[in-house]
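Here is the naming used below: chain letters follow the sequence lines, and residue numbers restart at 1 for every chain.
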2 protein chains.
Amino acid sequence: MSDLLERLRGRGWRLTAQRRVVAEVLDGDHVHYTAEEVHALAAERLPEISRATVYNTLGELVTLGEVIEVSTDGRAKRYDPNAHHAHQHLVCARCGTIRDVHPSGDPLADLPTRERYGFAISAVEVTYRGLCPDCAA
Amino acid sequence: MSDLLERLRGRGWRLTAQRRVVAEVLDGDHVHYTAEEVHALAAERLPEISRATVYNTLGELVTLGEVIEVSTDGRAKRYDPNAHHAHQHLVCARCGTIRDVHPSGDPLADLPTRERYGFAISAVEVTYRGLCPDCAA
DNA sequence: GTCATTGCAAATGCTTTGCAGTGCC
DNA sequence: GGCACTGCAAAGCATTTGCAATGAC
């Protein structure tokens, strides 16, 4: 919780009310909010916070590696605070909800060297798409 | 090639010059163009084609399952004409190039039922991110 | 006190939409 | 000839940017 704020302060972050509120919103539940949703939740605590600041702060958190940016559809990006544990995503095709899952295998193992075309691979993302229980009904 | 046009005609598609040109652009190389790029290439052959029509046509091709929509970053979506063969993507983090790869295993096998949280999974996308040989240099 | 950070509002990039005209079937 | 399809221009989101005011250090 304040682990996150500690780490950020340690990296020379100037700690403002806006940044703290954004960090707190992300640090709460492990949901995957859009920038708009983060702004709305942040504004509940700090009504004057601007969208631009939310975008700036989210961008910094991504750069610092504290948060992962997920673009599962062509719509708004979502921000995943669970950056420190390898995991993959289950995405609902209807409502866009994202859920973290922890599969067993290493997806990189399925890609033989000759299929890598000289790329230096640094990350693998796996997205399972389907309908969540609510939308399937 | 005209396989695609055949199939579309068979599904009751009204075949216009615009649609044919868009289909031809996608049917050529197995690159992954943005809507803007498709429009530019289509306009080389049919100068008056409008962006709206390109978007409409791409949307229809996606709905019909002939083309896959890929959003690898938060920027423009790309359209992948290689919809009939299961494959995955190698994405360059620097230049955005996408390359098709063909996995050995079934990624769905790695996700045990208890990790599916009641989702009815219909597709799995795997994206390998890294630097392509050109950008690594 | 300095300078990073904020807020506003306007700008941008991508995509969709409304509607009159066009042309495929 | 009917009605699906097109083009244009305008609207719609999500996001970024410029710049003056603010406030953390």
Would you tabulate the nitrogen or oxygen pairs shorter than 3.5 Å linking the protein to nucleotides 22-25 of chain D?
from: dG23(D); atom 1: N2; to: R14(A); atom 2: NH1; distance (Å): 3.3
from: dC25(D); atom 1: OP1; to: L15(A); atom 2: N; distance (Å): 3.1

Any side-chain heavy-atom pair of [X] and [Y] under 4.5 Å:
X: L15(A); Y: L8(A); value: no
X: T127(A); Y: I98(A); value: no
X: L90(A); Y: I121(B); value: yes

**Prompt:** Using a heavy-atom distance cut-off of less than 4.0 Å, which residues of residues 44-52 of chain B contact DNA chain D?
**Reply:** E48(B), I49(B), S50(B), A52(B)

**Prompt:** Quick one: do R78(B) and E69(B) make a salt bridge, cutoff under 4.0 Å?
**Reply:** no

**Fill in**
When E36(B) and V54(A) are each assigned the nearest nucleotide of DNA chain C, the 5'-most assignment goes to V54(A)

Can you tell me how far [atom2] of [N] sits from [atom1] of [X], to the nearest Å?
X: D73(A); N: dC13(D); atom1: CG; atom2: P; result: 15 Å
X: Y79(A); N: dA14(D); atom1: OH; atom2: P; result: 12 Å
X: N56(B); N: dT15(C); atom1: CG; atom2: P; result: 13 Å
X: R78(A); N: dT15(D); atom1: CZ; atom2: C1'; result: 16 Å
X: E37(B); N: dG13(C); atom1: CD; atom2: P; result: 15 Å
X: K77(A); N: dC13(D); atom1: NZ; atom2: C1'; result: 13 Å
X: H39(A); N: dA14(D); atom1: NE2; atom2: P; result: 13 Å

**Asked** Hey, does R75(B) reach any base, or is it just sugar-phosphate, or nothing, if we go heavy atoms under 4.0 Å?
**Response** nothing

**Asked** When you check the phosphate oxygens OP1 and OP2 of dT16(D), does a side-chain N or O of Y55(A) lie under 4.0 Å from one of them?
**Response** no

**Prompt:** dG7(C) phosphate, OP1 or OP2: any side-chain N/O from Q18(A) under 4.0 angstrom?
**Reply:** yes

**Request:** Mind telling me whether H102(B) and H87(B) have parallel, tilted or perpendicular rings, with 30° and 60° as the class edges?
**Result:** tilted

**Complete:** Taking every heavy atom of P81(B) against every heavy atom of V31(B), the minimum-distance pair comes out as CD-O, 3.6 Å

**Complete:** Of all heavy-atom pairs linking E37(A) and T34(A), the shortest is OE1-N, 2.9 Å

**Prompt:** Does atom CZ of R11(A) have more than 12 heavy-atom neighbours from other groups under 6.0 Å away?
**Reply:** yes

**Flag for E66(A)-H84(A): side-chain donor and acceptor within less than 3.5 Å** = yes

**Request:** Among N56(A), T57(A), I49(A), find the one that has a side chain to side chain contact (heavy atoms under 4.5 Å, CB included) with Q18(A).
**Result:** I49(A)

**Request:** Report the residue from Q88(B), H85(B), H32(B) that forms a side chain to side chain donor-acceptor pair (under 3.5 Å) with D100(B).
**Result:** H32(B)

**Prompt:** Given pairs defined as Watson-Crick or G-U wobble with both distances under 3.5 Å, what dot-bracket annotation applies to DNA chain C, with ( ) intrastrand, [ ] crossing, | other strand and . unpaired?
**Reply:** |||||||||||||||||||||||||

